[in-house]
Amino acid sequence: MNTQPAHIDRDRLYTDLQYRFDYVSQFIGFTEADQEYIHKSASVVTGLVPTIVDAVYDKLSNYDATWMHFSQDQDGLQIREPAENRETTPVSMGSEAIKFRKVMLTKYLKKLVTSEWNLSYLKYLDWVGHIHTSTPLKKSSINVEYIHCNALFGYLSSVVTGALSKSEEWDAETRDSIVNAYVKFFWLQNDLFSRYYVKDQVLSDKEKAAVTACRKAKEDEIRRQLRVESLLNAVVGMLAGAVIGVVGLRYLARGS
């Protein structure tokens, strides 16, 4: 076991896409061999794409929390249905929006088994995560909550690996390696979604100043409350002392 841990630059994890991808890849063991195994699966996966795409959208249509997002304008597509009708008229499976999204998912899966693993492709995978959020530099306002993205990746991974595990195209060892490569890939893609949702990134100077100001305001409020409580205690003590003094004087007066 390596007793000297590798140094990871925390700031770069949130500012350098390639650095982040390399770190997560190394951590989960996604190697060039895995990339080759994914490419090796192209002949089988390409034929499975229509079935996989239909399965994904059948699943998404089962829940209003996921299906409602397809009635919103999306990058590359503006919904023609009037905005006031979208909430009361659920989008149909044969609609323009769903056809468009199915084409996009088809392209995504085909790119996966054909693209070179370079920075250009990595930026594409990052863009796929980015367009599902309400972050800046987007044409659409769609914002899919991360819980749904995470659930979808779990389902998509299960569908793809389940289909591949039944293929007789390869020997058992190759098939297992291909399935394992896909499992790792979907975790990598999931990370490129989560980076736009999980708020543990390095704060900007403006954000740091805001956090500091908020913390100081809370501390000042606590100090103020403590001063008030201390003052009240002092007043109560003084009043209690005065009452006891008056009672004592009256008692002495009666005794005399």
Could you tell me whether the side chain of Leu13 reaches within less than 4.5 Å of the side chain of Asp9, counting heavy atoms only?
-> no
Hey, does Arg20 have a side-chain heavy atom less than 4.5 Å from the side chain of Arg195?
-> yes
Does the ring centre of Phe153 sit less than 6.0 Å away from the ring centre of Phe193?
-> yes
Under 3.5 Å: donor-acceptor pair, side chain of Tyr37, backbone of Asn180 | no
Could you go step by step and tell me if Asn190 and Tyr146 meet the side chain to side chain contact (heavy atoms under 4.5 Å, CB included) rule?
-> CA-CA 10 Å; Asn190 197 1; Tyr146 179 65; 2.9 Å; yes
Intermediate values then yes/no, side chain to side chain contact (heavy atoms under 4.5 Å, CB included), Thr66 and Tyr63 = CA-CA 6 Å; Thr66 51; Tyr63 307 95; 3.6 Å; yes
Near Trp170 CH2, under 6.0 Å, is it more than 12 heavy atoms from other residues, nucleotides or ligands?
-> yes
Begin with the C-alpha distance, continue with both residues' side-chain angles, and end with the deciding distance and a verdict on side chain to side chain contact (heavy atoms under 4.5 Å, CB included) for Arg101 and Leu105.
-> CA-CA 6 Å; Arg101 296 312 307 170; Leu105 180 55; over 6 Å; no
Between Glu169 and Ser43, what is the shortest heavy-atom contact and its length?
-> OE2-OG, 4.2 Å
Is any side-chain heavy atom of Val56 less than 4.5 Å from a side-chain heavy atom of Val53?
-> no
Test side chain to side chain donor-acceptor pair (under 3.5 Å) applied to Asp22 and Gln26, step by step = CA-CA 6 Å; Asp22 290 344; Gln26 291 170 13; 5.5 Å; no
Would you give the length of the straight line joining atom OH of Tyr57 to atom CD1 of Ile98, rounded to the nearest 0.5 angstrom?
-> 6.5 Å
Parallel, tilted or perpendicular: ring planes of Tyr121 versus Tyr124, cut at 30 and 60 degrees = parallel
Other residues, nucleotides, ligands: >12 heavy atoms within 6.0 Å of Ile147 CD1 = no
For Ala65 and His148, the nearest pair of non-hydrogen atoms, with its separation, is CB-CE1, 3.6 Å
Between CG on residue Leu122 and CG on residue Leu17, distance to nearest 0.5 Å | 4.0 Å
Checking Ser157 side chain against Gly154 main chain: does a donor-acceptor pair fall under 3.5 Å?
-> no
Distance-only, no hydrogens or angles: does the Arg175 side chain make a donor-acceptor pair with backbone N or O of Ser167 under 3.5 Å?
-> yes
Which pair of non-hydrogen atoms, one from Tyr19 and one from His7, has the smallest distance, and what is that distance?
-> OH-O, 4.0 Å
Determine the minimum heavy-atom distance between Val113 and Ile38, stating which atoms define it.
-> CG1-O, 3.8 Å
Looking only at non-hydrogen atoms, find the nearest pair between Thr161 and Ser158 and report the distance.
-> OG1-O, 3.5 Å
Hey, is the main chain of Ala42 close enough, under 3.5 Å, to the side chain of Thr46 for a donor-acceptor pair?
-> yes
Derivation of the side chain to side chain contact (heavy atoms under 4.5 Å, CB included) call for Asp176 and Glu173 = CA-CA 5 Å; Asp176 289 346; Glu173 183 178 353; 5.9 Å; no
According to the interplanar angle, ranging from 0 to 90°, do the rings of Tyr108 and Phe185 count as parallel (below 30°), tilted (30 to 60°) or perpendicular (above 60°)?
-> tilted
Taking the side chain as C-beta and beyond, is there a heavy-atom pair between Asp126 and Tyr196 under 4.5 Å?
-> yes
Side-chain (Ser115) to main-chain (Leu112) donor-acceptor, under 3.5 angstrom = no
First locate atom CD1 of Ile28, then atom CG of Asp34, and finally report the distance between them rounded to the nearest 0.5 Å.
-> 8.5 Å
Taking atom CD of Gln35 and atom CD of Glu116, what is their separation to the nearest 0.5 Å?
-> 9.0 Å
After noting the C-alpha distance and the side-chain angles of Trp117 and Phe30, does the key distance pass the ring-ring contact (aromatic ring centres under 6.0 Å, His included) rule?
-> CA-CA 12 Å; Trp117 287 84; Phe30 185 78; 5.3 Å; yes
Counting N and O atoms only, with roles assigned by atom type, does the side chain of Ser61 sit under 3.5 Å from a partner on the main chain of Asp58, one being a donor and the other an acceptor?
-> yes
More than 12 heavy atoms of other residues, nucleotides or ligands under 6.0 Å from CD of Gln18: is that the case?
-> yes
Any donor-acceptor pair under 3.5 Å from Lys59 side chain to Tyr155 backbone | no
Shortest non-hydrogen contact from Ser41 toward Tyr182 = OG-OH, 2.6 Å
Indicate if Val103 and Ile52 have the same hydrophobic cluster label, given that clusters are the connected sets of ILVMFWY residues with side-chain heavy-atom separations under 4.5 angstrom.
-> no
Which value, rounded to the nearest 0.5 Å, describes the distance between Leu109 atom CG and Met104 atom CE?
-> 12.0 Å
Should we count NZ of Lys40 as having more than 12 external heavy atoms under 6.0 Å?
-> no
